[in-house]
Amino acid sequence: MTRAGTNDRPTVLVVEDEFIIALDLSETVRDLGYRVEGPFADKENAFIAIDQEMPDCAILDVQTADGDVYPLADALVDAGVPIIFHSGHVAPADVAARYPQAQACAKPCPPDRLITMIGSAIQEANLTH
(Lines give C-alpha, C1' and ligand atoms only; values in the text may rest on other atoms or scores of the structure.)
Protein backbone atom coordinates (compact mmCIF):
# COMPACT_ATOMS: atom_id res chain seq x y z
CA MET A 1 0.00 0.00 0.00
CA THR A 2 1.38 3.39 -0.99
CA ARG A 3 0.45 6.91 -0.02
CA ALA A 4 -1.25 8.64 -2.93
CA GLY A 5 0.29 12.10 -2.72
CA THR A 6 3.94 11.11 -2.44
CA ASN A 7 4.87 12.20 -5.98
CA ASP A 8 1.67 13.61 -7.38
CA ARG A 9 -1.17 15.95 -6.55
CA PRO A 10 -2.85 15.09 -3.24
CA THR A 11 -5.64 12.54 -3.53
CA VAL A 12 -9.03 12.86 -1.83
CA LEU A 13 -11.14 9.74 -1.35
CA VAL A 14 -14.87 10.48 -1.78
CA VAL A 15 -17.42 8.04 -0.33
CA GLU A 16 -20.99 9.24 -0.93
CA ASP A 17 -24.01 7.20 -2.02
CA GLU A 18 -26.18 10.10 -3.22
CA PHE A 19 -25.24 10.46 -6.90
CA ILE A 20 -25.65 14.23 -7.32
CA ILE A 21 -23.82 14.99 -4.06
CA ALA A 22 -21.03 12.58 -5.03
CA LEU A 23 -20.58 14.38 -8.36
CA ASP A 24 -20.64 17.78 -6.67
CA LEU A 25 -18.04 16.75 -4.07
CA SER A 26 -15.83 15.25 -6.76
CA GLU A 27 -16.05 18.38 -8.89
CA THR A 28 -15.19 20.58 -5.90
CA VAL A 29 -12.12 18.44 -5.16
CA ARG A 30 -11.00 18.59 -8.81
CA ASP A 31 -11.57 22.37 -8.94
CA LEU A 32 -9.16 22.69 -5.99
CA GLY A 33 -6.50 20.88 -8.03
CA TYR A 34 -6.58 17.56 -6.18
CA ARG A 35 -7.06 14.07 -7.55
CA VAL A 36 -10.32 12.29 -6.75
CA GLU A 37 -10.42 8.64 -5.75
CA GLY A 38 -14.00 7.55 -6.35
CA PRO A 39 -16.63 8.60 -5.71
CA PHE A 40 -17.73 5.34 -4.14
CA ALA A 41 -21.31 4.66 -3.05
CA ASP A 42 -20.24 1.91 -0.67
CA LYS A 43 -17.37 1.13 1.64
CA GLU A 44 -16.64 -2.24 -0.01
CA ASN A 45 -15.27 -0.54 -3.14
CA ALA A 46 -13.59 2.17 -1.08
CA PHE A 47 -11.75 -0.55 0.89
CA ILE A 48 -10.49 -2.02 -2.39
CA ALA A 49 -9.24 1.41 -3.44
CA ILE A 50 -7.39 2.17 -0.18
CA ASP A 51 -5.85 -1.28 -0.23
CA GLN A 52 -4.19 -0.29 -3.51
CA GLU A 53 -3.36 3.32 -2.68
CA MET A 54 -3.98 5.24 0.53
CA PRO A 55 -5.44 8.73 -0.08
CA ASP A 56 -4.13 11.93 1.47
CA CYS A 57 -7.53 12.69 2.97
CA ALA A 58 -11.11 11.43 2.76
CA ILE A 59 -14.61 12.87 2.59
CA LEU A 60 -17.02 10.28 3.99
CA ASP A 61 -20.78 10.12 4.20
CA VAL A 62 -21.70 8.25 7.38
CA GLN A 63 -24.48 6.18 5.81
CA THR A 64 -23.34 4.41 2.63
CA ALA A 65 -25.09 1.97 0.32
CA ASP A 66 -23.71 -0.96 2.35
CA GLY A 67 -24.13 0.40 5.88
CA ASP A 68 -22.31 2.88 8.08
CA VAL A 69 -18.85 4.01 7.08
CA TYR A 70 -17.18 3.55 10.48
CA PRO A 71 -15.11 0.44 9.59
CA LEU A 72 -13.61 2.35 6.67
CA ALA A 73 -13.10 5.44 8.83
CA ASP A 74 -11.30 3.30 11.42
CA ALA A 75 -8.94 1.93 8.75
CA LEU A 76 -8.22 5.45 7.47
CA VAL A 77 -7.61 6.82 10.98
CA ASP A 78 -5.25 3.91 11.71
CA ALA A 79 -3.32 4.86 8.55
CA GLY A 80 -3.14 8.52 9.63
CA VAL A 81 -5.48 9.82 6.92
CA PRO A 82 -7.37 13.02 7.84
CA ILE A 83 -11.15 12.59 7.51
CA ILE A 84 -14.02 14.94 6.78
CA PHE A 85 -17.41 13.45 7.62
CA HIS A 86 -20.17 14.84 5.41
CA SER A 87 -23.52 13.55 6.59
CA GLY A 88 -27.21 14.34 6.61
CA HIS A 89 -27.97 11.59 9.12
CA VAL A 90 -25.48 12.05 11.94
CA ALA A 91 -24.80 15.32 13.76
CA PRO A 92 -21.22 16.64 13.57
CA ALA A 93 -21.02 16.55 17.39
CA ASP A 94 -21.82 12.83 17.40
CA VAL A 95 -19.07 12.14 14.86
CA ALA A 96 -16.62 14.32 16.81
CA ALA A 97 -17.24 12.26 19.93
CA ARG A 98 -16.18 9.09 18.09
CA TYR A 99 -13.45 10.68 15.92
CA PRO A 100 -12.09 13.72 17.77
CA GLN A 101 -9.38 14.41 15.15
CA ALA A 102 -11.83 14.37 12.24
CA GLN A 103 -13.72 17.30 10.80
CA ALA A 104 -17.48 17.02 10.32
CA CYS A 105 -20.20 18.97 8.58
CA ALA A 106 -23.90 18.44 8.09
CA LYS A 107 -25.45 18.23 4.63
CA PRO A 108 -25.94 20.54 2.96
CA CYS A 109 -22.56 22.01 3.77
CA PRO A 110 -21.81 25.44 2.29
CA PRO A 111 -19.19 24.99 -0.47
CA ASP A 112 -16.81 27.57 1.01
CA ARG A 113 -16.82 25.74 4.36
CA LEU A 114 -16.17 22.41 2.64
CA ILE A 115 -13.33 23.95 0.62
CA THR A 116 -11.76 25.25 3.85
CA MET A 117 -12.11 21.82 5.46
CA ILE A 118 -10.49 20.06 2.48
CA GLY A 119 -7.59 22.53 2.51
CA SER A 120 -7.11 21.99 6.23
CA ALA A 121 -7.15 18.18 5.82
CA ILE A 122 -4.60 18.31 2.98
CA GLN A 123 -2.38 20.59 5.08
CA GLU A 124 -2.67 18.13 7.98
CA ALA A 125 -1.76 15.26 5.64
CA ASN A 126 1.31 17.16 4.41
CA LEU A 127 2.46 17.77 7.98
CA THR A 128 2.25 14.08 8.86
CA HIS A 129 4.18 12.77 5.82
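For this chain, numbers begin at 1 and follow the sequence in order.
- A distance-only check finds no donor-acceptor pair linking the side chain of S120 to the backbone of T116 [under 3.5 Å].
- Grouping the Ile, Leu, Val, Met, Phe, Trp and Tyr side chains by contacts below 4.5 angstrom, directly or via other members, places I21 apart from V69.
- Note that OG1 of T28 and CG of D112 are 11.0 Å apart. Values are rounded to the nearest 0.5 Å.
- Residues L114 and C105 meet the side-chain proximity criterion, which asks for heavy atoms closer than 4.5 Å.
- Under the salt bridge (Lys or Arg N to Asp or Glu O under 4.0 Å) criterion, D66 pairs with K43, not counting sequence neighbours.
- Placement of V36 and V15 in two distinct hydrophobic clusters is found when ILVMFWY residues are connected by side-chain heavy-atom separations under 4.5 Å, directly or transitively.
- In this structure, CG on L25 lies 11.5 Å from CD1 on I20, to the nearest 0.5 angstrom.
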Given side-chain contact (heavy atoms from CB on, under 4.5 Å), test V29 with I59 step by step and report yes or no.
CA-CA 10 Å; V29 169; I59 302 172; 4.0 Å; yes
Before giving the answer on side-chain contact (heavy atoms from CB on, under 4.5 Å), spell out for I50 and E37 the whole-Å C-alpha distance, their side-chain angles and the decisive distance to 0.1 Å.
CA-CA 9 Å; I50 69 168; E37 182 66 32; over 6 Å; no
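- L13 and L32 fall into different hydrophobic clusters, where Ile, Leu, Val, Met, Phe, Trp and Tyr are joined by side-chain heavy atoms under 4.5 Å apart, directly or via other members.
- Under the side-chain hydrogen bond (donor to acceptor under 3.5 Å, both in side chains) criterion, Q103 pairs with no residue at all, not counting sequence neighbours.
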Sequence neighbours left out, cut at 3.5 Å: what donor-acceptor pairs do the side chains of residues 71-98 make with other protein atoms?
residue	atom	partner	partner atom	Å
D74	OD1	Y99	OH	2.5
S87	OG	H89	N	3.0
S87	OG	V90	N	3.1

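- Atom CD of E53 is separated from atom CD1 of I48 by 15.0 Å, given to the nearest 0.5 angstrom.
- F47 and M54 fall within the same hydrophobic cluster, where Ile, Leu, Val, Met, Phe, Trp and Tyr residues are linked whenever their side-chain heavy atoms come under 4.5 Å apart, directly or through other members.
- Atom CG of L60 is separated from atom CG of D68 by 11.0 Å, given to the nearest 0.5 angstrom.
- Checked for salt-bridge contact, D56 and R35 miss the test: no charged N lies under 4.0 Å from a carboxylate O.
- Checking side-chain atoms of E16 against main-chain N and O of E18 turns up a donor-acceptor pair under 3.5 Å.
- Considering only heavy atoms from C-beta on, T64 stays 4.5 Å or farther from F40 through its side chain.
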